[in-house]
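What's counted below: heavy atoms across the whole structure, side chains too, no hydrogens, waters or symmetry copies. Below, chain A is the first sequence line, B the second, and so on; all start at residue 1.
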Number of protein chains: 2
Amino acid sequence: MADQRRPLTLRDVSEASGVSEMTVSRVLRNRGDVSPATRERVLDAAKSLGYVPNKIAGALASQRVNLVGVIIPSLSNMVFPEVLEAISAVLEDTGLQPVFGVTGYRAEKEETVIYEMLSWRPSGLIVAGLEHSDAARAMLGNAGVPVVEIMDVDGPVIDTAVGISHARAGRMMAEAILAAGYRRIGFLGTRMAGDHRARKRLEGFRSALADAGVEVQDKEFYEGGSSLAKGREMTAAMLARSPDLDFLYYSNDMIGAGGLLYCLEQGIDIPGRMGLAGFNDVDLLDGLPMRLATMDACRFEIGRQAAAIVAGRHPEGIIGGEIVALTPRLNPGDTIR
Amino acid sequence: MADQRRPLTLRDVSEASGVSEMTVSRVLRNRGDVSPATRERVLDAAKSLGYVPNKIAGALASQRVNLVGVIIPSLSNMVFPEVLEAISAVLEDTGLQPVFGVTGYRAEKEETVIYEMLSWRPSGLIVAGLEHSDAARAMLGNAGVPVVEIMDVDGPVIDTAVGISHARAGRMMAEAILAAGYRRIGFLGTRMAGDHRARKRLEGFRSALADAGVEVQDKEFYEGGSSLAKGREMTAAMLARSPDLDFLYYSNDMIGAGGLLYCLEQGIDIPGRMGLAGFNDVDLLDGLPMRLATMDACRFEIGRQAAAIVAGRHPEGIIGGEIVALTPRLNPGDTIR
DNA sequence: TTGAAAGCGCTAACAT
DNA sequence: ATGTTAGCGCTTTCAA
């Protein structure tokens, strides 16, 4: 517990306990056979010195690193913290530790983050999305460790992917909307070049509408700011411009919730006169005056399975090198008639 | 770009470029003098091989690690992602990289996370809160690197702290409520033993009320679930039990928002018949029918300053070993008369 | 401007 | 059950 500037080493513990460095190392890692007496002496010495092992040296010597890199676009999206939570929970008792990196939806930043992560030689990598720069793809392909791409399955996969088809999610929502008899449909979403999943949902959505001879009648995009407030503003603007719309499809639940609050305030009959839907099925909605129709992105399950694959604890029959396509679940809530 | 199992080393690049390992190392780190011709040859070789430096070896040799450990209680709290964002932004151009660890508000888990982090010999540590186990406190005290405790300043500090006084925040809110003439006050919060800041706010709140001879008339606590929904339920329960309350103080904005929505639906006159207030000043509120009174926890500023201190770029006159107490700002919104 | 040698703190592999 | 030796892949330091 004495304060020192030079960090303590195994050698210090070795000297303090009168045992070889190797034996100290064994005790500290619970490896091999060590007599209880020796064990206790070592532990006492380590504790009273305040020794913290140097994993850098350990990793270099053993060629093993208990880190798993997790690369996501954003922390403010509300979706990713939940994926992280699921990943953390699974890794908790595997001896692996997640390390998070954030890309801000920028491919070039993603490339940097991947490079940085790989330079620490992690045991595995979990990366959100399938779209990467060529260089990033090359690095991931040659990483020599499990690489799991999560969230999305619509596109070429490097090694293993766990996610949903966002095109299909968009299609399913379109079909539900059409089946409910809505025809004059508006779309409200983010203007974010890097958000490929939102783009794919919109594409799937439009293509299913097109199959029924229906077109999206109005669109509105936003960037930045409070999603709830933006949802309000965008909805007000769109309804002012296109008052005869009978359905509004939002690219996420937060702006959808803003739209819902606006419509309710305006006294618009939901879901009779107009229907609404979002995406993600976030808990948040539980407390709103009405439950917004939405679609579950399976983010807990995605986190769980991705972590299990990286940890080598593959859920039922999955062994890596595969695509695990989860099924998005439609939650009709109260805003589709 | 050839695929290999054994990760590439400096030696591979050295052989491919016909230059010594040392020179390759210099090129890759932009250190020392290297002729442009050599430089280019090395860069070409590294790129075409797909070489990724091994930071583990580099860190061991140089005794320098560009990692900053950031330890927070939770990712789902909405507050911490913002602090992380601010930290990331500041570290972005310092060559330092944040590594996040989550404690789940459990002191014992925090101890483990600190130990793990320190075993990677980071350049600094940012830890949320002032309450730690004795062992954790000892580790932090002997870490030999900058340790910044954030969010809170009410208590003993290990090295440097950046935060607000939550006791004072609670007191300020009580004073504002009393000044507005409310007297029959209820409190709604989390039942979380590890959330010391919420506890301190409540203590400050009650003590300021007590100074005016006022007592909290009813209390309700929750755990888990959607905060918005819980805010609703708790509010409904409390008003059923104590119908004559004229103010509800919530320990965070999310449950406050749930309560607000409930009250509005019930047709309760806000802020006339009853006032409401939360804590955190989250953006979310912008889109609600009324803006909830709240208090800014200065989380961006906290993240910024903490990162600057760890990075050695101390903002105006702060040099570490100090307590930076930021001033919480009351945002009266529309729910205090 | 470039290279050679030594060693960072630990662990694998092999003694004893 | 414990100790010894030889690296892990880099960077520091010194030499050329």
TODO: Side chain of B:Val34 only, please: which of C:dT2, D:dG3, D:dG9 is the nearest?
DONE: C:dT2
Open item on the list: I want to check one thing: is the phosphate of C:dC10, taken as OP1 and OP2, less than 4.0 Å away from some side-chain N or O of A:Ser25?
Closed with: no
- [ ] Please check the phosphate of D:dT12 (OP1 and OP2 only) for any side-chain N or O of B:Arg64 closer than 4.0 Å.
- [x] yes
TODO: Please determine, for the side chain of B:Ala61, which listed nucleotide (D:dC10, D:dT12, C:dG9) has the closest atom?
DONE: D:dC10
- [ ] Measure from the side chain of A:Ser62, starting at C-beta and using heavy atoms only, and say which of D:dG9, C:dA12, D:dT12 lies closest.
- [x] C:dA12
Open item on the list: Nearest to the B:Thr23 side chain among D:dA1, C:dG3, D:dC10, which nucleotide is it?
Closed with: C:dG3
- [ ] Nearest-nucleotide wise, let me know which of B:Ala57 and B:Arg31 is further upstream toward the 5' end of DNA chain D.
- [x] B:Ala57
Open item on the list: Applying a 4.0 Å non-hydrogen cut-off, can you work out what A:Arg39 is touching in the nucleic acid: base, sugar-phosphate, or nothing?
Closed with: nothing
Open item on the list: Between A:Ser20 and D:dG3, is there a contact of a side-chain N or O with OP1 or OP2 at under 4.0 Å?
Closed with: yes
Task: Selection from D:dG9, C:dG9, C:dG3 that lies nearest to any side-chain heavy atom of B:Thr9 - done: D:dG9
Task: Donor-acceptor pair (no angle test) under 3.5 Å: B:Arg121 side chain, C:dG9 base - done: no
Open item on the list: Quick check for you: among D:dT11, C:dC10, D:dC10, whose closest atom lies nearest to any side-chain atom of A:Asn54?
Closed with: C:dC10
- [ ] Could you please name the option among C:dT1, D:dC10, D:dA1 that lies closest to any side-chain atom of B:Tyr51?
- [x] D:dC10
Task: Length of the NZ-P vector between A:Lys55 and D:dG9, whole Å - done: 20 Å
Open item on the list: Heavy atoms from C-beta onward define the side chain here; which of C:dT2, C:dA13, C:dC10 lies closest to that of B:Thr38?
Closed with: C:dT2
- [ ] To the nearest Å, give me how far apart CE (A:Met22) and P (D:dA6) are.
- [x] 15 Å
TODO: Please work out if A:Arg26 contacts a base, only the sugar-phosphate, or nothing of the nucleic acid, heavy-atom cut-off 4.0 Å.
DONE: base
Task: Side chain of B:Ser35 - closest among C:dC8, C:dC10, C:dT2 - done: C:dT2
TODO: Output yes when at least one side-chain N/O atom of A:Arg29 is less than 4.0 Å from OP1 or OP2 of C:dA12, else no.
DONE: yes
- [ ] Kindly say if A:Gln63 contacts the phosphate of C:dC10, meaning a side-chain N or O under 4.0 Å from OP1 or OP2.
- [x] no
